[in-house]
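Data block below; observations after.
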Amino acid sequence: MGSRVEHPAGGYKKIFETCQELAEPIEAQVTGHIPRWLTGSLLRVGPGLFEVGDQPFHHLFDGQALIHKFDFKNSKVTYYRKFVRTDAYVRAMTENRVVITEFGTAAYPDPCRNIFSRFFTYFQSIEITDNCLVNIYPIGEDFYACTETNYITKINPETLETLKKVDLCRYLSVNGVTAHPHVDKDGAVYNIGNCFGKNMSLAYNVVKIPPLQKDKSDPIEKSKVVVQFPSSERFKPSYIHSFGITENYFVFVETPVKINLLKFLSAWAVRGTNYMDCFESNETMGTWFHLASRNPAEYKDYKFRTSAFNLFHHINCYEDQDFIVVDLCTWKGFDFLYNYLYLANLRNNWEEVKKSANLAPQPEVRRYILPLKVDQVSSYSYFTFQPLLMYKEEKKKVISDTYTSPQTAQGKNLISLPYTTATAVLRRDGTIWLEPEVLFSSPRQAFEFPQINYSRSCGKDYTYAYGLGLNHFIPDRICKLNVKTKETWVWQEPDSYPSEPLFVQTPGGLEEDDGILLTIVVSPGAAQKPGYLLILNARDLSEIGRAEVEVTFPVTFHGIYKP
Ligand SMILES: CCCCCCCCCCCCCCCC(=O)OC/C=C(C)/C=C/C=C(C)/C=C/C1=C(C)CCCC1(C)C
Ligand SMILES: [Fe+2]
């Protein structure tokens, strides 16, 4: 699955270019075939406008949200796209400048206003962005586009019109939530977000938006916090991009990528800095795993620790006997990966792109296993927990802190599942040190933007994960990974740049991988049309069909298939 493909022509630069929205849907030219049962829409979102007037956006996560839609009906395919009319977009268009600060681009006060009015604007409270470029998810019968702040934007999934902006802070005690909620079979939506409470008390809140109400009222109005995870540091919550859920547990991985709240609340408002300026790495804490039970919703005070990594995407988690299996797309080390995702880096020539990726954290798909039965040992282990300071020398410390005794499980591997090499070792200070089993690793070749057969396998034992292959950050292949055998499959074509593959199950399909993958591909080479929707057989990644259009697509992050 590790790609050896090179991109000297730099065709990937196309996916970081501004495009126009469409006045109406365009019909695509189909080759191969479109399964007759595929009747629905593929909705995806990403940045579509990378500059306003003469002001460029600097970071991959700054461009203004553009929604893409492929409709499938009677084996015909149409394509449509529209910018979301967020406040960030509408005000930028109106004033022809960046008005709301984005992730890596600060907005400056209107130069036309006089010096006194500009001075006061500097001290106004921070205007949080509603630029919903990351994902789309259902709540009740509605669809929302989102970023990771407290604002989500309701859209019409047919016309792509923007319907309303919702401030989650009005209903929930959170400052933002992830763009990766879990949606239960009954339609309940679970998510997690930072909560900066009274007296600067910090926590991570798991929230639940209930399913569609009998009286058809808006489920968001009935949303509530179900459980809280504590923060490892008083003023510095960790950045969270996704979380895990099993039948009975929530899994939260607290990484060393920290948001410095003091910087966020003070410096930014005064000096016109941006979100990226508020991040820092904790070089000593490593990574902490947390668990909470779902019913009753209760935090479980295990102290699972491992070495430092960045985490954006959980693949899946499940319970097996007295263990929780947690599969993750990790990036090794505490250096924040987003530091390497400035557009200037990604738009560089291929040799430069490779140089920069060589300096960044390296990707690895890992399986961690959390033992649930550690009570009998913790009762007589020395359990006054102190933050560990010596993670740099972790291996040495594991040896000196642990000892094997006939009465306790200290120093022994607590994992007894026969199929894994992952370990969990109880240490004298009461922490449980985890070492992963590596499911996939290849230098600077990431298996990212993971997907599974979600309706069948989320939170359950499973076999297959699908993902986008990143070659020095450039998306150039679609991958499938058997998480049990580590067997891999790849779809790849020269000078072609695909997106996250969404799995759609074949109606009545019996096997976990009975289905198709939908991905949108940019192919700027002259010999073909510049963009297409690609349908792959999820069994072996062979091509079933493609629907080509005369336009390219800027990068998209996530999306959904709406049957
Ligand atoms: C698809 C191909 C991509 C090509 C290159 C990609 C390389 C990618 C490497 C893999 C990892 C990818 C992770 C993708 C993550 C993603 O989609 O991130 C988008 C995240 C965004 C836009 C986050 C916005 C967060 C904000 C604005 C947070 C704001 C806040 C704070 C920082 C502190 C206070 C609270 C608040 C306001 C929520
Ligand atoms: Fe994501």
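Counting convention: from 1, in listed order, for ligands and their atoms alike. The chain is numbered in sequence order, starting from 1.
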- line: F103 heavy atoms within 4.0 Å reach ligand 1 at atoms 23 (C), 24 (C), 25 (C), 26 (C), 27 (C)
- request: May I ask whether T556 places a heavy atom under 4.0 Å from ligand 1?
  value: yes
task: May I ask you to list the atoms of ligand 1 that are less than 4.0 angstrom from any heavy atom of V555?
output: 1 (C), 2 (C), 3 (C)
query: Could R97 and E51 be called an ion pair, given the rule that one side-chain N must be under 4.0 Å from one carboxylate O?
result: no
message: Taking 4.0 angstrom as the limit and counting only heavy atoms of T147, give me the atoms of ligand 1 inside it, by number and element.
response: 22 (C), 24 (C)
field: Pair E280 + K236, salt bridge at N-O below 4.0 Å
entry: yes
message: Tell me the nearest of W331, F16, Y338, F312 to atom 15 (C) of ligand 1, using heavy-atom distances.
response: Y338
task: Could you tell me if the ring centre of H314 sits under 6.0 Å from that of F243?
output: no
task: Please could you name the atoms of ligand 1 that I128 approaches to less than 4.0 Å, counting only its heavy atoms?
output: 37 (C)
query: Atom OG in S231, atom OH in Y204: separation rounded to 0.5 Å?
result: 3.5 Å
- prompt: Considering only heavy atoms, does F196 approach ligand 1 within less than 4.0 Å through its side chain, its backbone, both, or neither?
  reply: side chain
- prompt: Is L341 touching ligand 1 with its side chain, its backbone, both, or neither, if touching means heavy atoms under 4.0 Å apart?
  reply: side chain
field: Check: V207 and S223 side chains under 4.5 Å, non-hydrogen atoms
entry: no
task: Would you give the length of the straight line joining atom CD1 of I220 to atom NZ of K154, rounded to the nearest 0.5 angstrom?
output: 8.0 Å
- request: Under 4.0 Å, heavy atoms only, figure out whether ligand 1 is touched by the backbone of E500, its side chain, both or neither.
  value: neither
- request: Using a strict cut-off of 4.0 Å, indicate which atoms of ligand 1 neighbour a heavy atom of F473.
  value: 4 (C), 5 (C), 7 (C)
- prompt: Checking ring pair (Phe, Tyr, Trp, His ring centres under 6.0 Å) for the pair F336/F279: CA distance, chi angles, key distance, verdict?
  reply: CA-CA 8 Å; F336 192 20; F279 289 97; 4.7 Å; yes
field: Numbered atoms of ligand 1 (with element) below 4.0 Å of L470, judged on heavy atoms
entry: 7 (C), 8 (C), 9 (C), 10 (C)
message: Check this for me: does any side-chain nitrogen of one of E352 and R347 sit under 4.0 Å from a carboxylate oxygen of the other?
response: no
- prompt: Is the closest heavy atom of I259 to ligand 1 under 4.0 Å?
  reply: yes
message: Looking only at N, O or S atoms, which one in H558 sits nearest to the Fe ion (ligand 2)?
response: NE2
query: Would you say the ring centroid of F103 lies under 6.0 angstrom from that of F57?
result: no
- prompt: Where the Fe ion (ligand 2) is the corner point, what angle links NE2 of H180 with NE2 of H241, to 10°?
  reply: 100°
- prompt: With the threshold set at 4.0 Å, does a side-chain nitrogen-carboxylate oxygen contact exist between E364 and K332?
  reply: yes
task: Output the list of atoms in ligand 1 that are nearer than 4.0 Å to some heavy atom of N175, sorted by atom number.
output: 38 (C)
message: Quick check on L337 - does any of its heavy atoms sit under 4.0 Å from an atom of ligand 1?
response: yes
